[in-house]
Amino acid sequence: MGRRTIVAQRQAVSQRNVPAQIERFRKAVDVARGEIENLVTRLSIELGPEESEILSAQLLILEDEMVWDATLAVIRLERINAEAAFSRAVGDIAARFHEIEEEVFRERVNDLHDVEQRVLRAFQGENSSQIKLPQEPSLIAAANLTPSDTAALGRNNVLGFLMEEGGNTSHVAILARSIGVPAVVGMKGLLSQLDFDQEVAIDGVLGQCILDPDDETFRRFSRLRSQALVANEKLAGLRELEAITPDGHRLKLMANIELPVEVDEALARGAEGVGLLRTEYLFFQHKTIPSEDEQTEVYSDMVRRMGGRSVIFRTLDVGGDKVSDYLGAKREYNPFLGWRGIRFSLANRLLFKTQIKAICRAGLAGPVKIMFPMITGLQELREAKDVFYEAIADLKDSGVAHVSDVDLGIMVETPSAVMVADLLAAECDFFSIGSNDLIQYTLAMDRGNARVSYLYQPLHPAILRAIHTTVEAGHKAGIWVGICGEMGSETRLAEVLLGLGLDEISLHGAALPKVKQVIRWTNFSEAQSMVRHLMELKTSTEANEWLAEYIAKRKKDRLEGEIL
Ligand code: PEP
Ligand code: MG
């Protein structure tokens with residue numbers, strides 16, 4: 001189905017408004033130029049440089065003096081809005097080209113029309129596409145934000161995020177947690193109660209948000225904040241210590257990272273490496289698809305900064321709630337069951353291969369591993385590995401320095417991957433359990449939908465069994481098994497994950513010291529018998545209640561409450 005043709009509506013503007021119209025024209029051209037540049041990069045990666053030249057001709061039209069002069073003249077002389085002026089100017093030029101009887105000019109008319117529509121679309125989207133950074137420290141409240149909006153906002157004057165939609169494992173919430181900004185999601189009806197300049201107290205840990213807090217509430221929140229800071233200071237002493245149980249069982253604690261700025265924080269918290277680098281966020285930070293060299297540079301810098309600790313690169317995981325127009329991963333009717341993760345990469349093999357090449361080149365700066373997301377069966381794993389081998393062959397052929405001895409692992413985050421975990425374990429080097437998706441798919445609950453977020457139950461017997469099966473299958477085949485979903489960041493679950501036999505937990509930096517403390521306090525054998533009991537319980541309610549009592553008792557015995 002083609003796009004609807006946009007017809008620019010003509011509106012008179014005042015003399016005073018003329019400079020603003022010229023500025024709008026400049027901005028719309030910038031947006032259109034960015035889009036065409038993206039397409040050029042994309043086509044040249046996918047089809048080669050010649051194919052992309054067709055579109056380069058459109059870039060020339062956007063720079064063309066004739067187009068600019070004519071548009072500005074119409075805005076100034078006829079005092080009309082920028083889109084109508086641009087459309088008029090392009091129409092006049094096209095009419096002149098029509099009169100010339102040469103094929104090449106007729107083709108240019110098509111290009112002109114195409115460019116005109118692109119610029120008009122940019123005018124239409126001028127209020128919606130660009131997220132504005134706050135000028136002073138503020139809370140960001142929205143019905144819904146995309147992960148790329150959240151990444152763009154980052155920590156720039158952002159005190160916290162409040163959202164009507166979303167669940168605790170939606171990517172917006174995860175990203176906010178990772179960059180250390182409190183987020184409260186799933187608050188239906190919030191926007192209708194909020195005003196600009198209103199005071200709001202938020203607690204990202206408990207997911208609370210109180211409008212117009214009274215003095216007592218204000219004091220309580222301030223007290224919680226200072227208690228958290230004191231606890232963090234106490235835990236800072238753990239930084240150099242290993243995550244080892246009193247009876248000598250050793251676990252690896254790694255960091256989940258989305259953005260390069262998080263590397264220092266991960267190191268400061270004592271991460272032994274990066275267990276999950278969500279590479280798609282590096283793509284979201286660009287306006288165009290980063291080239292192999294650009295990716296190599298960013299990846300190498302992060303690997304170098306990790307100082308010899310290993311970095312697991314998860315290949316591009318777009319789709320689901322991580323839509324990206326410029327990558328072509330659009331909103332879908334049923335997004336989490338759609339064109340996501342490895343499906344997207346296998347359909348964009350050149351893009352995929354380019355990323356793998358960049359990772360293998362970055363491997364010269366320190367140890368790297370590659371992990372494929374959303375694997376549902378052996379066929380996908382084999383195809384992904386084929387792309388890896390092609391990438392290595394290409395690098396060898398072109399004489400580009402790289403490493404080829406790279407461990408290849410998968411995210412176990414679909415129920416089918418659990419069911420065929422024995423087959424997958426035989427053909428990869430490690431498993432990392434993506435509990436966010438595993439819970440979403442196993443319990444059939446959309447992780448971004450606030451209405452069903454109550455179904456997010458990590459202690460549901462189906463989830464405990466799925467993790468158990470995966471660990472068993474991995475260990476039987478002699479590979480290590482980690483977890484990198486948000487379950488790993490929940491202090492109350494640390495002993496459960498230990499007892500389930502996971503070799504590695506990858507979590508967001510702020511949660512790392514607490515989880516390490518639990519592991520250093522807990523005997524492995526005790527954790528194992530605790531999990532055996534937990535797995536006999538029949539519902540998540542029973543399991544949650546039983547675990548809460550168990551932890552309360554331990555806290556009393558060991559005074560853990562002071563810190564945890
Ligand atoms: C997961 O699904 O648990 C995971 C770690 O990946 P993401 O949250 O990025 O989907
Ligand atoms: Mg996932």
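Because the structure is a prediction, the values reported are computed rather than measured. Ligands are counted one by one from 1 in listed order, and the atoms in each one are counted from 1 as well.
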Task: Cys484: numbered ligand 1 atoms lying under 4.0 Å from its heavy atoms - done: 5 (C)
TODO: Taking Arg177 for its side chain and Asn168 for its backbone only, find out whether a donor-acceptor pair lies under 3.5 Å.
DONE: yes
Task: Verdict with reasoning, Lys353 to Glu390, per salt bridge (Lys or Arg N to Asp or Glu O under 4.0 Å) - done: CA-CA 8 Å; Lys353 191 160 72 170; Glu390 278 171 32; 3.8 Å; yes
Open item on the list: Has Thr296 got a side-chain atom pairing as donor or acceptor with Arg361's backbone, closer than 3.5 angstrom?
Closed with: no
Task: Nearest candidate to atom 9 (O) of ligand 1, where distance is taken over non-hydrogen atoms, out of Arg278, Glu486, Arg340, Met374 - done: Arg278
- [ ] Measure the distance from atom 4 (C) of ligand 1 to every protein heavy atom, then report the residue, atom name and distance (to 0.1 Å) of the closest one.
- [x] Met411 CE, 3.5 Å
Task: ligand 1 versus Asn256: contacting region, heavy-atom distance under 4.0 Å - done: neither
Task: Trp546/His533 aromatic ring centres below 6.0 Å - done: yes
Task: Numbered atoms of ligand 1 (with element) below 4.0 Å of Arg447, judged on heavy atoms - done: 2 (O), 7 (P), 8 (O), 10 (O)
- [ ] Would you mind listing which atoms of ligand 1 come within a distance below 4.0 Å of any non-hydrogen atom of Glu413?
- [x] 1 (C), 2 (O), 6 (O)
Open item on the list: Among all the protein's non-hydrogen atoms, which is closest to atom 7 (P) of ligand 1, and how far away is it?
Closed with: His171 NE2, 3.1 Å
TODO: May I ask you to list the atoms of ligand 1 that are less than 4.0 angstrom from any heavy atom of Ile174?
DONE: 8 (O)
- [ ] With heavy atoms only and a cut-off of under 4.0 Å, state how Leu438 meets ligand 1: side chain, backbone, both or neither.
- [x] neither
TODO: Report the name of the N/O/S atom of Asp437 located nearest to the Mg ion (ligand 2).
DONE: OD2
Task: Donor-acceptor contact below 3.5 Å, side chain Thr315 vs main chain Ile342 - done: no
Open item on the list: Counting only heavy atoms from other residues, nucleotides and ligands, does the tally under 6.0 Å from NZ of Lys385 exceed 12?
Closed with: yes
Task: SB check Arg340 Asp321 (cutoff 4.0 Å) - done: no
TODO: Would you mind checking which non-hydrogen protein atom is closest to atom 6 (O) of ligand 1, with the distance to 0.1 Å?
DONE: Arg314 NH1, 2.9 Å
- [ ] State whether Asp317 contributes an N/O/S atom found under 2.8 Å from the Mg ion (ligand 2).
- [x] no
Open item on the list: Under the side-chain contact (heavy atoms from CB on, under 4.5 Å) test against Met487, which residue among Val496, Ile433, Ile467 passes?
Closed with: Ile467
TODO: Looking only at distances, please establish whether an N/O atom of ligand 1 is found under 3.5 Å from an N/O atom of Asp437.
DONE: yes
Open item on the list: Regarding Glu242 and Lys516, does a basic nitrogen lie under 4.0 Å from an acidic carboxylate oxygen?
Closed with: no
Open item on the list: So that I can tick it off, tell me whether Glu542 and Lys538 are bridged by a salt bridge, with the cut-off set at under 4.0 angstrom between side-chain N and carboxylate O.
Closed with: no
Open item on the list: With a heavy-atom distance limit of 4.0 Å, tell me whether Gln440 approaches ligand 1 through its side chain, its backbone, both, or neither.
Closed with: neither
TODO: State the atoms of ligand 1, each with its element, that fall below the 4.0 Å cut-off from a heavy-atom position in Leu276.
DONE: 5 (C)
Open item on the list: When you compare the side chains of Asn544 and Arg492, does any donor N or O come within less than 3.5 Å of an acceptor on the partner?
Closed with: yes
Task: Those atoms of ligand 1 less than 4.0 Å from some heavy atom in Gly434 - done: 1 (C), 2 (O), 3 (O)
Open item on the list: Nearest N/O/S atom of Glu413 with respect to the Mg ion (ligand 2), by atom name, please.
Closed with: OE1
